[in-house]
Amino acid sequence: MTNDSPEEETRPGGGGGGAGGPKSGRHRRPNDNVTILTSSADLARSGRGRRQSGGGGGGDSGGASALTSSLDLTTSLELSIQTRIFKIIVIGDSNVGKTCLTFRFTGGSFPDKTEATIGVDFREKAVEIEGETIKVQVWDTAGQERFRKSMVEHYYRNVHAVVFVYDVTKMTSFRNLQTWIQECNGHRVSASVPRVLVGNKCDLVDHIQVPSNMALKFADAHNMLLFETSAKDPRESQNVDSIFMSLACRLKAQKSLLYRDVEREDGRVRLTQEAETKTNCPC
Ligand SMILES: Nc1nc2c(ncn2[C@@H]2O[C@H](COP(=O)(O)OP(=O)(O)OP(=O)(O)O)[C@@H](O)[C@H]2O)c(=O)[nH]1
C-alpha cells in the first residue's frame, strides 16, 4: 500500500543479469505501435472515454434535445463498454516490491514511502495497442498472510494474467515462488492465463542472491517469461512497462474475456460476448 504482439512463445535466450545493461533480450520493450495513455484524461482525449450526456442545448426543442441526449447516452455506453479491461494480479512475498512495481507502471515513479499492502490496492492505466484503448487493471496484492487471507478468492476470480515477483537480493523470496504458484494453481487458474516471473531490485547489484541462470531455469520449467528489473531505478522504467505491456499485448491477441460488442436491434442496444478476435499485435 502506498501513501501516496502478443508475447511470442519463443523465449529469448542468453545470460546476463543486473539492472540497467542489456538484459539478454529476456524482456521486450513495447513496440512503437503501443501507446501508453497515462491518465483517464488521456482516455477521454482519445475519444474513447465517457462523454458527458444530457443538458439541453440553447435553441433545441425539447424533443430534439431529448433525442440528442439519448444518442449521447448510447454513444457513451458503447464507448465505455467497448473499452476492454484486463485484470492482472501481482503476487509474491511481502517486501519484494509489488507495490513499487505497480506504482512505477501506472504512475511512472517510485513511491517515497510504502507500507505493507492490506488486502489489495488497485491501480489502473489506459494503454493503446494497435489503435485500441485497453484498461490494464493491476491488482497489487498483500504479501503478508494476515493481510491477504480474506481476499485470496477475489484475487484469482476472473484473473487474466499473473505476475509472480521475487526479490533478487532475497533467496527465500525466490524459493517461496513454489508456494505462490501452488496457491495460484489451487484456485483453478486456467493454463491459458499468461504468467510471468519478475526479479525485482536489480539496482542492488552488490547484494544479488538469486543468479539469473537459476531464475531463468525456474521460469522455463514453469513456462513463464523472466523479467529482471528494478522499480527504483528510473533507467529500468521501460522494462517495468514491458512486463505489463507484453501481457496486455498477449491478452489482446487472445479471445477477449470482458469485451462486449454492442449490437443494435430495433433501436435498442444489445450486449453480447465478443467473438474470437484475431490481431497481429507487434509486441
Ligand atoms: N532498492 C530497491 N528497493 C525497492 C525496489 N522496489 C521496492 N523496494 C523497496 O522494498 C520495500 C518493499 O516494497 P513494497 O513495494 O512495499 O513491497 P510489497 O511487495 O508491495 O510488500 P507487501 O505490501 O507487504 O506485500 C520498500 O522499502 C521499497 O522502497 C527496487 O526496485 N529497488
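Order of listing sets the numbers, starting from 1, for every ligand and every atom in it. In what follows, residues are counted from 1 in the order of the sequence shown. Not measured: the values here are computed from a predicted model.
Among S230, G92, G97, the residue whose heavy atom sits closest to atom 17 (O) of ligand 1 is G97. Scanning K201, K98, H207 for the heavy atom closest to atom 5 (C) of ligand 1 points to K201.
Using a 4.5 Å cut-off between side-chain heavy atoms of Ile, Leu, Val, Met, Phe, Trp and Tyr, with links allowed through other members, L204 and L101 fall into different hydrophobic clusters.
Under the 30°/60° scheme for interplanar angles, the aromatic rings of H187 and Y156 are found to lie parallel.
Between F174 and F218, a ring centre-to-centre spacing shorter than 6.0 Å is recorded.
Of all the atoms in ligand 1, the ones that sit under 4.0 Å from a non-hydrogen atom of A116 are 23 (O), 24 (O). Distances below 4.0 Å separate heavy atoms of D93 from the following atoms of ligand 1: 19 (O). Ligand 1 places these atoms under 4.0 Å from at least one heavy atom of L204: 1 (N). Atoms of ligand 1 lying under 4.0 Å from any heavy atom of T114, numbered from 1 in the order shown and given with element: 13 (O), 14 (P), 16 (O), 26 (C). Taking every non-hydrogen atom of D203 and a distance limit under 4.0 Å, the qualifying atoms of ligand 1 come out as 1 (N), 2 (C), 30 (C), 31 (O), 32 (N).
With sequence neighbours excluded, no residue forms a salt bridge (Lys or Arg N to Asp or Glu O under 4.0 Å) with R195.
Checked against a 3.5 angstrom limit, the closest N/O atoms of C100 and ligand 1 fall inside it.
For the residue pair D93/W180, the side-chain donor-acceptor check at 3.5 Å is satisfied.
Heavy atoms of N200 found under 4.0 angstrom from ligand 1 belong exclusively to the side chain. Only side-chain heavy atoms of F110 come within less than 4.0 Å of ligand 1; its backbone N, CA, C and O stay farther off.
Using a 4.0 Å cut-off between a side-chain N of Lys or Arg and a carboxylate O of Asp or Glu, K201 and D203 do not qualify as a salt bridge.
Cation-pi contact between K125 and F105: present, with separation from the ring centre below 6.0 Å and deviation from the ring axis of at most 45°.
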